[in-house]
Amino acid sequence: MKKHQPINPNFPFIWHGGDYCPEQWQYEPKIIDEDMRLMELANVNTVTLNMFAWSTIEPEEGKYDFSYLDDIFERMEKRGGLVILGTPSGARPAWLAKKYPEVLRTNEVGQKNLFGNRHNHCFTSPKYRELVAKINGELAKRYKNSPALALWHLSNEYNGECHCDLCKEAFRNWLKERYNNDLDALNFAWWNNFWGHKYTSWDQIDPPSPLGEMRNWTHLLNWKRFVTHQTTDFMKIEIKAIKEHTPNIPVTTNFMGSFYGLNYKELAKELDVVSNDDYPNWHHYFGPNYIGNMASFTANLMRSYKNKPYMIMENAPSATNWTAVNKLKRPNMHRLSAIQQLAHGAESILYFQWRAGRAGSEMYHGAVVDHTGTDETRVFKEVASLGKDLERLKDIIGTTTKAEVGLFFDWENMWSATLTKGFNNTDDKNFLKTLYKHHMPFWKRGIGVDIVGYDTDLSKYKVIIAPMMHMVNDAFIDKIEKYVKDGGKFVTTYYSGMVNEESMTYLGGFPATKLMDVFGTWAEEIDSLYPQDENYVEYKGNNYRIYDMCAVIHEKNGGKGIATYKNDFYANTPAVIKNKYGNGEAYYVGFRDDGSFVDVLYSEILHDANIKSVVDFKLVDGTSVNARYDEKNTYVFVQNFNDKKVKFNTKDTYIDVLDNSIVTGDFELEAFDAKVFKKEI
Ligand code: GLA
Ligand code: ZN
C-alpha cells in the first residue's frame, strides 16, 4: 500500500523526546548543558517547548525576551534535532490576567475565576484572542526560518467552558444560527412546554447551570456542541496567526483520548496531524486485557480521524502523579506501550516530561530525568533503549493500516446517550466500558478496527458494530439501510435508534423508522437490572448473564430470534434478532453481557464475513497483534501484556526488525515484551 507522508518531510524518522521546560531551570543554567548531553544518551531527537512559558517570553505587555527559546533552538539546530513549538495560550502571565480580567473564565454559577492554574481562559474574550494571536505571531516570525522548527503544538489540552456574558451572548448567537432565527423551532426541539420552560426571547436563554437548568437534555447537548464550536473557533484564531508566517509547518493540538468535553472530530478537521496524550493506567487490577484493549481502542480512534498516522504527544516514562494509585510501569512496560502505539499508526513517542521540576504541582510526576539527575536510573535506561529501537523501526514511517471492521463511536452519540437520563444510569450508562467490551473480541484476535462515525463512508467495511447507537438522524438511517442492503453486516444493541439529532425521541417504535425493518425488530421496552438481579440469555445451549440493561424485543419483517431470555416476564422471548436484509445481515443484540456473549457472536460474524487475523498463529490471553503495510512489506507487531512469558507457533517466516533474526515455528515473548516482524507481501 502506498505510504503516507511523514508528519514533516524534513524529519522522516520516529520522533522521540517530549515536553521540555528549560524556563524552569533559569536559576541553574548548567542544567541545560546537562540536558543536551543526556538527550544524546537517551536517543532523544525532539523537544516540545513553550506551552507554559508565556510569562518568560513576555514578562511585560509588548516586551519580549526570547533568549531561552533562541538558545534551545540553536542547540537543537546544531544537533539536527527538532522542535515542536507550543503556543502559550494554555496559561497566561499574571500581569495579563490582572490587567485584563475579561480573559479569565467564569464558572457555571457565575463566579469569575482568579489568576492561577491553567486552562483558565474565556474562549470568547476578544481581548484574549487578540493577545494570543499577537504572541503566536511573534513566535512564528522569530522562528520561521529555523531548520529545527518541525511542528506547532497549539495550546495544551484545550478543555473547559466559560459562562461569562460574552460567552452567553455567543451561545445565543450560535443557537440563532442553528435554528434559523426561529425561537419556536428551538422551543419545539427542546420540548420547552415541559415544566413550562418556553422562551419568548433569545436573551432568556442561559447556559446550563446547577443554579438554573441542568435537566433539559437537548439544552445540555447543544451547549456541548457550542463549547466545541467556540473552542474550535478560538483554535482557528491561533492557527491563523501562525500560518501567516509559517504556512508549511504542520499544526496539532494534544488530545486526551475520548475526552468527554470536546468533540475532537471537529477540532481534528482543522489540524494537519492528530496527536494524543496517552496515560493508560497500566498494571491496574483490571488486568492486562482490560487496559491493553482500552489503549488499543483509543489508538484506533486517533488514527481514524484522518485515516493516517498520528502522534503520541505525551506519555509517562514511568508513573503519573494524578491518579489515586500511581503505579510504576514495570520493566519493559514502557517499551511495550510505545510499540503498541506504533502498531496502531503512531509516529512519535513523546513524554511528559523530560526532567522533573524541583517543585510545583508536577514534581513527583514521572520524568525521563528524575531528581537524581543522571542517566543511571532504570527509567532513563529504558527510555534510551527504546530510543535505539525507534531508530531501527524508522521504515514504518508512513506505512498504512487496514481494517475490515468499523466500530461506531461519535461524540454526538456519546453525549446524547449519556446526558439523557433513564434506564440504567450507573456510571454514565457504562457507555465507554461497553464500547471497550465490543472492541475486545477484535483486539484479542488481531483483527484491525477503525473507529467510525456519522460521516464515515461505511461501504469500506465488511462489518460495522454500533453499540448503544442512541442517536440517529435521517441521513444516517439511510446510510445504514443502504449499507446492509448492499451486503454489509451491521450489529447494534439495546438503546439504539431512539432519538434524532436534537435528542428527541422518534415516534412509532424503536429502532427508528426504517431501522425496524432493517433489524427485523421492534424494541418495545428497556428493563434495568440491579447488580443483584440475575437473568440469563440462552444462545446455542449456553447461558450468558445479563448486566445493567436489556430490551424486550419482538421479531418483525422477517427478523429471527437467535437467542432467548431465560427469566422474568420476558422469559422465552427473543434476546437477539438476526435479519437478512437485501444482500446483508443486521443483528440487534437486546442485552448487555460481560463480554463473553459478544465474543462468541463476533467470532461467528467474523467467520461468516471471512475476516481473518493478520497472523497465522493463535494468540493467547493478554496478547495482541496489529499490522502496518507498505508497497512491499507487512510489519507485524506482536504484543504481550502479561507479566509472564508466552509462546507462539507460526508457519510463516518473518524477519525480526529489531535484531534481524529469522522467526519461524516456535517463538516466545518475555513478560511485557513486544516484537516487530517483517514479511514481504
Ligand atoms: C497533561 C498535560 C501535561 C501534564 C500531564 C501530566 O497531559 O498536558 O502538561 O500536566 O498531563 O500527566
Ligand atoms: Zn467567557
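Atoms within each ligand, like the ligands themselves, are counted from 1 in listed order. Here, residue 1 is the first one in the sequence, and each next residue gets the next number. Only heavy atoms go into these numbers, but all of them, side chains included; no hydrogens, no water, no symmetry mates.
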Of Trp354, Tyr351, Phe352, the one forming a ring-ring contact (aromatic ring centres under 6.0 Å, His included) with His365 is Phe352
How about the Zn ion (ligand 2), which protein N, O or S atoms come within less than 2.8 Å?
-> Cys122 SG, Cys162 SG, Cys164 SG, Cys167 SG
Could you tell me which residues satisfy salt bridge (charged side-chain N to carboxylate O under 4.0 Å, His left out) with Arg75, sequence neighbours excluded, listed by chain and number?
-> Asp33, Asp71
Would you check if the distance from the ring center of His121 to the ring center of Tyr100 is below 6.0 Å?
-> no
Find the distance between CE (Met235) and OG1 (Thr228) and round it off to the nearest 0.5 Å.
-> 10.5 Å
Check the pair His344, Thr401 against side chain to side chain donor-acceptor pair (under 3.5 Å), reporting the backbone distance first and the verdict last.
-> CA-CA 7 Å; His344 287 75; Thr401 57; over 6 Å; no
Sub-4.0 Å heavy-atom environment of ligand 1, residues by chain = Phe52, Arg118, Asn156, Glu157, Asn254, Asp277, Tyr279, Glu314, Trp322, Phe352, Glu362, His365
Please identify each residue that fulfils salt bridge (charged side-chain N to carboxylate O under 4.0 Å, His left out) with Glu347, with sequence neighbours left out.
-> Arg628
Check: Trp282 ring centre within less than 6.0 Å of Phe672 ring centre | no
Spacing of CE belonging to Met363 relative to NE2 belonging to His371, to within rounding of 0.5 Å = 6.5 Å
Under 6.0 Å between ring centres, would you say that holds for His219 and Tyr199?
-> no
